[in-house]
Amino acid sequence: MKFCPQCQSDLIVKSGIVNDRQRFKCKSCNYFFTVNKLGKKIDQYYVTKALQLYLEGLSYREIERILGISHVSIMNWVKKYNIQKVQNSDVHPTYKILSQAELGNYFSSAENTRGSGMIITELGDKFMVIKWERFKE
């Protein structure tokens with residue numbers, strides 16, 4: 001802490017510990033304050049990627065397994081950003097995580113690309129292929 005949050009003065013001194021956090025006092029305005037506790041921050045890249053995957057039809061738990069982020073966090077982001085998923089009951093998404101070489105092999109076979117829509121998104125040093133297939137009746 002370099003400045004007083006009240007008067008922005010840099011004349012601050014330590015003034016004890018409260019709830020295991022250092023307390024400070026401003027010599028200019030006699031204001032007591034503690035340093036804000038910084039929580040665990042998740043990179044905005046993962047927030048965006050989780051919301052993209054959610055919109056593509058993956059469940060919270062599937063996204064959790066892929067990105068390694070709690071499904072509860074993902075639910076909270078969906079609520080926070082008011083994301084609405086389009087409901088389509090006649091198709092279901094499947095996904096594969098492939099390296100660049102595997103991705104080339106995957107698309108070299110016409111069988112893998114026939115009869116379905118798909119999207120490719122990067123996932124760190126790998127790629128995720130999300131494929132929508134119709135339910136067979």
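Hydrogens, waters and symmetry mates play no part in the numbers below; they use all other heavy atoms, side chains included.
Here the side chains of Gln6 and Phe33 are not in contact, with every heavy-atom distance at 4.5 Å or above. Here the side chains of Thr121 and Glu56 are not in contact, with every heavy-atom distance at 4.5 Å or above. Using a 4.5 Å cut-off on side-chain heavy atoms (C-beta onward), Val78 and Met75 make no contact. Annotation: side chain of Tyr31 is not in contact with side chain of Lys25 (no heavy-atom distance under 4.5 Å). For the pair Leu58/Ile66, a side-chain contact is recorded, criterion being any heavy-atom separation below 4.5 Å from C-beta on. Between Ser28 and Cys4 there is no side-chain heavy-atom pair separated by less than 4.5 Å.
Counting heavy-atom neighbours within 6.0 Å of Asn30 CG, excluding the residue itself, gives a total above 12. The environment of NZ in Lys131 is crowded: more than 12 heavy-atom neighbours from other residues, nucleotides or ligands sit within 6.0 Å. Heavy-atom contacts from other residues, nucleotides or ligands closer than 6.0 Å to CD of Glu122 number more than 12.
Annotation for Phe107: hydrophobic cluster partners, listed by chain and number, are Leu98, Leu103, Tyr106, Met118, Ile120, Phe127, Val129 (ILVMFWY side-chain heavy atoms under 4.5 Å, direct or chained).
Atom CG of residue Asn105 and atom CD of residue Gln100 lie 11.0 Å apart, to the nearest 0.5 angstrom. Taken from CG in Leu123 to CD1 in Ile97, the straight-line distance is 5.5 Å, to the nearest 0.5 Å. The line from CG of Leu53 to CG of Leu67 is 5.5 Å long, rounded to the nearest 0.5 Å. Annotation: the span from Ile63 atom CD1 to Tyr46 atom OH amounts to 14.5 Å, rounded to 0.5 Å. Remark: Ile130 CD1 to Glu62 CD distance equals 9.5 Å, nearest 0.5 Å. Annotation: the span from Asn82 atom CG to Lys80 atom NZ amounts to 13.0 Å, rounded to 0.5 Å.
In this structure a side-chain-to-backbone donor-acceptor pair under 3.5 Å is present from Gln22 to Gly16.
Ile74 and Tyr45 fall within the same hydrophobic cluster, where Ile, Leu, Val, Met, Phe, Trp and Tyr residues are linked whenever their side-chain heavy atoms come under 4.5 Å apart, directly or through other members. Linking Ile, Leu, Val, Met, Phe, Trp and Tyr whenever their side-chain heavy atoms come within less than 4.5 Å puts Ile119 and Met128 in one cluster. At a threshold of 4.5 Å between side-chain heavy atoms, the hydrophobic network of Ile, Leu, Val, Met, Phe, Trp and Tyr places Leu11 and Phe24 in two separate groups. In this structure, Phe32 is not a member of the same hydrophobic cluster as Val13, with clusters built from ILVMFWY side-chain heavy atoms closer than 4.5 Å.
Remark: Ser99 engages Glu102 in a side chain to side chain donor-acceptor pair (under 3.5 Å) (not counting sequence neighbours).
Of all heavy-atom pairs spanning Ser73 and Ile69, the tightest one is CB-CG2, 4.0 Å.
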